[in-house]
Structures are given as structure tokens and as C-alpha cells.
Amino acid sequence: MSRLFYLGFSMLLVISIVLSGCSSGGDKKVNSNGNSEASNGTNKAQEMTFWTFQGLHIDFFEDANKRWNEANPDRPIKLKLESFPYDDMHNNLLLALQSGVGAPDIVDIEVNRFPNFLQGDIQLEPLNDIIEPEIDSFVKSRFEVYGKDGQYYGAPTHVGASVAFYNKEIFEEAGVSPDDIKTYDDFIEIGKVIKSKTGKPMLPIFTNGFWEFYPMISQKDSDFFNSKGEVTLDNKKNEEVLQYLYDLIYKHDIGVLAPGGHHEDEEFFAFMNDGGAASLIMPSWYASRFVSYMPDLAGKMVIKPMPAWKEGGNRSAGMGGTGTAVTNQAKDVELAKEFLAFAKLSKESNIKIYELLGFDPPRHDVWDSPELREPNEFTAYFGDGLFDMLMGIKDEINPLNITKLTPMTRDLIETNVLHNTLREKTQTPAEALKQAADELRSR
């Protein structure tokens with residue numbers, strides 16, 4: 001009896017958590033495509049649910065749903081799209097998959113959380129049948145981070161080249177140019193000029209997000225793990241990068257702790273929108289956040305390659321990513337996979353990735369397409385030549401070593417390492433990195 005009670009209670013708990021997440025307000029965004037029924041009304045649309053942690057992806061999939069129904073009037077889809085806060089979505093998804101109830105048909109899973117869903121009895125559907133026919137046209141490494149044992153479980157969203165965002169208005173006020181920044185030493189010297197002439201800090205530094213620290217160590221040919229999956233978080237190169245960030249704030253006085261601590265925090269959006277800092281180092285997908293949440297900077301921001309650690313060094317890093325997956329709870333697995341191929345793997349969809357999201361599409365055979373040079377909301381905001389700049393740094397991107405410990409590593413960096421060294425100053429970079437690395441090695 002106790003076992004039956006436990007199973008029943010667990011099931012009710014999972015369902016209540018999922019429903020609670022679905023009914024919460026604030027950060028959640030829900031949309032349904034009202035044009036999902038076939039125009040002649042004779043074909044009933046297959047209903048599908050889609051979850052994401054990034055509300056900006058909703059418009060992309062709404063567009064894909066509309067295009068699918070126009071191209072397939074005999075097999076229409078009614079896609080219910082829902083966006084939840086990052087942690088809530090990933091946690092609820094894991095619970096739903098483990099319990100066997102409540103999971104969506106299709107779901108976005110962030111790259112650093114993806115390993116959590118590749119453990120034990122995998123509850124995601126292999127996508128090799130839709131990926132392998134197209135993979136030669138893609139940056140293959142963007143599939144490998146969503147794979148295991150020769151199976152691919154996620155369709156990528158972008159290459160994710162990291163860049164430097166510069167406020168040209170602040171630079172002009174100081175009488176300097178972003179084009180004069182070639183190395184991180186240049187970054188410091190020009191930052192000092194900007195601080196003295198304008199009073200503005202050069203760089204806001206996150207303590208609850210690792211999207212500055214991670215690309216900067218990748219530029220040094222480093223990572224959290226080596227190619228064998230062994231922990232290398234506490235290596236000398238990573239220590240040097242963390243010390244550099246510390247020195248920007250406390251030695252050179254040109255760095256500032258980012259308000260809100262996180263790149264998606266409303267306090268940080270407001271800070272940047274008000275011209276709070278002269279630059280920002282982030283993956284290029286962050287351009288969509290500028291356009292959506294920092295409207296007052298339109299026409300003031302330019303995107304350039306990252307500074308290199310030395311002349312001729314890498315000026316970018318491939319960071320972040322979203323793998324869109326089909327769960328084994330999908331009502332029609334084959335239709336869901338076919339729709340996913342249409343929405344994320346086709347040439348047209350990869351052009352849409354740039355047009356609607358401003359991302360560098362992972363399908364390389366569209367990079368020469370004229371559509372990627374046409375004006376859009378992103379060129380209106382940042383200026384012309386955006387995509388050509390991204391293509392100019394695509395060969396300066398190192399692969400990432402994603403392991404089952406990657407989710408825990410991100411948590412340790414964001415909750416302990418960056419916080420303790422940069423905000424609280426209770427540990428040196430070497431101490432904080434070693435403590436985190438030792439914890440990972442004990443797992």
C-alpha cells in the first residue's frame with residue numbers, strides 16, 4: 001500500500017508542478033497559432049505543444065507553423081507555444097520526462113542543460129533520420145553538443161559567435177574608436193581613456209552568468225574539461241582570465257559589477273539602455289536582447305570582433321545554443337520530427353533564423369544568400385555589414401567540450417566562483433577555481 005501511495009503522490013506532485021509552471025504569470029508567454037486549421041476545413045489540425053525558455057523564440061516557431069500549414073494543407077499542425085523562466089522550464093521538463101506524463105511534444109533545451117537529458121534511459125527521440133541527410137550542409141560541431149553514442153537529440157539554433165558590442169556614442173565622446181581595439185591590452189588602455197573623459201565604465205561584468213568568462217577562456221584554447229572529459233577548470237589560463245576580469249574592476253577601475261548580476265535581468269537592461277557602459281562582451285545571439293529590451297540604444301551600438309589575447313589570436317568563441325528536441329511523449333513522433341526538420345534544418349528556416357532572430361545560422365550553405373545581406377531590424381539597430389562581420393570570425397572559434405558535468409559546472413561558476421571572486425572578494429581566482437574543480441572531480 002505504501003508503495004502505491006508513494007507512486008500516486010509522486011505523480012500528483014509532478015502534475016501539479018507542471019501545471020503550476022504553465023499557469024504562472026510574469027515571465028511566461030503563451031501563444032497559439034490561430035491559423036492552424038486547413039483552409040478548406042476538411043483536415044483537422046494535429047495539436048502539438050512546444051516549450052521554450054526564451055520568449056523571443058516564440059515568433060520564430062509561430063512563423064514556422066504558419067509556413068508548414070501553407071505548404072502542407074493536408075497535414076496541418078496547431079502548435080501551442082509556451083515560454084517559461086529558464087530554471088522552471090528545464091526542471092519541469094526533467095520531472096515530466098522522468099514521470100512519463102506532462103512533457104511537451106517539442107522543446108527547446110539550452111546547451112548547458114542538455115547533458116541532464118542524456119543520462120540513463122533517454123526520454124528524447126533520436127533525430128538522426130532528419131539530421132544525417134542535411135548534416136554536410138551544417139557546422140557539424142553544433143549537433144555534437146546535443147548528441148550521445150552516435151545519436152543526435154537536438155537541432156541547433158545558431159553558431160553563436162561571441163562578439164564585442166560597443167556604444168559608439170560613448171566612444172565618440174571620449175575621442176576614441178572601437179576599431180583601435182585589437183587586443184585585451186588595447187581594451188584596458190582605451191577603457192581608461194573612456195573612463196577619464198566620460199566617467200563611464202568600459203565593461204559590466206556578470207557574477208550570475210558566465211557568458212563573458214567562458215568565451216574569454218575559449219579564446220585562450222581552454223575550457224572546463226579537456227577532450228577526454230577530464231576536469232581542467234582550475235588551469236592556469238582560466239585563472240588568468242578570471243584575474244583579468246577582477247583587475248578590470250579593482251585595479252584598472254574600468255569594469256563594474258553588472259546591475260542585477262545576470263545578462264537577462266531587467267535591471268541590467270535598464271542600465272545598458274541608459275548608456276551605463278561603453279561595451280559588452282557576449283555571444284552574438286545577445287543582439288536580439290538589445291533590439292527587444294534596449295530600444296534607446298538603436299543606432300548607437302556597433303558589433304565588432306572580440307579583442308584577442310595577443311595579435312593574431314582568436315577573436316571569437318562559439319557560445320551558448322539551444323537544441324530543439326522531440327520528446328518520447330509526443331502525440332505523433334514522426335510528424336513532430338518532420339515539422340522540426342522543416343522549422344530548423346531547411347535552407348529557408350536557416351535564413352529565417354537570421355531574419356527573425358538575428359542569429360548566425362548553423363547551416364553554412366546559406367551564408368552567401370542575398371537575404372542575409374538585406375536590411376532588417378538588426379541592421380537598422382547595429383548598422384550594415386553585420387552578417388559579413390560574423391562570417392569573418394567564424395574560423396576563429398574553438399569547439400566546446402560538453403560533458404555530463406557541464407550543468408553542475410555552470411552552476412558552480414555562476415553561484416560560487418564569479419560571486420566569491422568578483423563580488424564578495426572572499427577567494428582569489430586560483431582558490432575559487434580549485435574549489436569548484438575539486439568538487440567536480442569528486443563526482
Side-chain angles (χ1 to χ4, degrees), residues 160-206 209 211-213 215-216 219 244-245 248-249 252-259 263 268-309 311 313-317 319-320 358-360 377-394 396-397:
S162 293
V163 296
F165 296 88
Y166 293 119
N167 187 318
K168 61 183 182 181
E169 188 174 69
I170 295 176
F171 273 75
E172 289 168 0
E173 183 182 348
V176 292
S177 170
D179 293 327
D180 294 331
I181 299 177
K182 306 298 183 185
T183 69
Y184 280 107
D185 288 338
D186 298 334
F187 189 85
I188 291 173
E189 295 310 310
I190 287 181
K192 289 179 178 179
V193 174
I194 288 174
K195 185 66 181 292
S196 66
K197 296 286 185 66
T198 70
K200 302 281 188 178
M202 184 64 166
L203 184 71
I205 299 171
F206 301 112
W211 295 118
E212 292 166 318
F213 176 63
M216 290 170 76
Q219 285 181 283
Y244 180 88
L245 293 173
L248 289 182
I249 303 172
H252 304 299
D253 194 31
I254 62 170
V256 63
L257 296 172
H263 61 279
F268 179 71
F269 291 150
F271 168 78
M272 290 299 293
N273 191 53
D274 195 37
S279 72
L280 183 65
I281 292 174
M282 280 291 289
S284 55
W285 46 257
Y286 201 73
S288 63
R289 279 44 161 199
F290 274 99
V291 172
S292 297
Y293 304 123
M294 294 167 264
D296 294 347
L297 294 180
K300 299 179 182 180
M301 302 299 298
V302 292
I303 303 179
K304 300 287 184 179
M306 295 171 68
W309 286 108
E311 288 283 353
N314 289 341
R315 298 174 298 159
S316 188
M319 287 288 129
F359 298 165
D360 42 0
E377 62 178 334
F378 298 98
T379 58
Y381 192 104
F382 295 104
D384 296 333
L386 175 58
F387 191 77
D388 287 329
M389 187 281 297
L390 292 175
M391 291 303 97
I393 56 178
K394 65 181 176 61
E396 302 177 39
I397 295 175

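Basis for what follows: all heavy atoms, side chains included, without hydrogens, waters or symmetry-related copies.
For the atom pair CD of Glu189 and CD1 of Ile194, the computed distance is 12.0 Å after rounding to the nearest 0.5 Å. Separating the OG1 atom in Thr198 from the CZ atom in Phe171 is a distance of 9.5 Å, to the nearest 0.5 Å. Rounding to the nearest 0.5 Å gives a distance of 3.0 Å between OH of Tyr184 and CE of Met306. To the nearest 0.5 Å, atoms NZ (Lys182) and CD1 (Ile190) are separated by 9.5 Å. In this structure, CE on Met301 lies 8.0 Å from OG on Ser279, to the nearest 0.5 angstrom. In this structure, CD1 in Ile188 is found 12.5 Å from CG in Asp253, a value given to the nearest 0.5 Å.
Between Asn167 and Gly275, the shortest heavy-atom contact is ND2-CA, 4.3 Å. Nearest approach of Ile281 to Pro307, heavy atoms of both residues: CD1-CD, 4.5 Å. Across all their heavy atoms, Met319 and Trp285 have their closest contact at O-NE1, 3.2 Å.
No side-chain heavy atom of Met202 sits less than 4.5 Å from a side-chain heavy atom of Leu248. Contact of the Met272 side chain with the Phe165 side chain is not registered, since no non-hydrogen atoms from C-beta on lie closer than 4.5 Å. The closest side-chain heavy-atom distance from Phe378 to Ser288 is below 4.5 Å.
With sequence neighbours excluded, no residue forms a side chain to side chain donor-acceptor pair (under 3.5 Å) with Ser196. Applying the side chain to side chain contact (heavy atoms under 4.5 Å, CB included) test to Ala258 and every residue at least two apart in sequence or in another chain returns Pro204, Phe206, Phe268. With sequence neighbours excluded, no residue satisfies side chain to side chain donor-acceptor pair (under 3.5 Å) with Lys200.
The closest donor-acceptor contact from the side chain of Ser284 to the backbone of Ala161 lies under 3.5 Å. Looking at Asp360, its side chain does come within 3.5 Å of a backbone N or O of Gly160 through a donor-acceptor pair. A distance-only check finds no donor-acceptor pair linking the side chain of Ser316 to the backbone of Glu396 [under 3.5 Å]. Side-chain atoms of Trp309 come within 3.5 Å of backbone N or O of Met216 as a donor-acceptor pair.
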Ignoring hydrogens and angles, write down the donor-acceptor pairs under 3.5 Å from the side chains of residues 379-394, residues two or more places apart or on other chains.
from	atom 1	to	atom 2	distance (Å)
Thr379	OG1	Asn376	N	2.8
Thr379	OG1	Asn376	O	3.0
Tyr381	OH	Phe290	O	3.3
Tyr381	OH	Met294	O	2.6
Asp388	OD1	Arg373	NE	3.0
Asp388	OD1	Arg373	NH2	2.8

Mind listing the side-chain donor-acceptor pairs of residues 173-181 below 3.5 Å, one per line with the distance, residues two or more places apart or on another chain?
from	atom 1	to	atom 2	distance (Å)
Ser177	OG	Asp179	N	3.1
Asp179	OD1	Lys304	NZ	3.0

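Aromatic ring pairs are classed by plane angle as parallel below 30°, tilted from 30° to 60° and perpendicular above 60°; the pair Tyr286 and Phe269 is tilted.
Pairs of residues two or more places apart, or lying in two chains, that qualify as salt bridge (charged side-chain N to carboxylate O under 4.0 Å, His left out) and include a residue from residues 276-300 are Glu169-Lys300, Glu264-Arg289.
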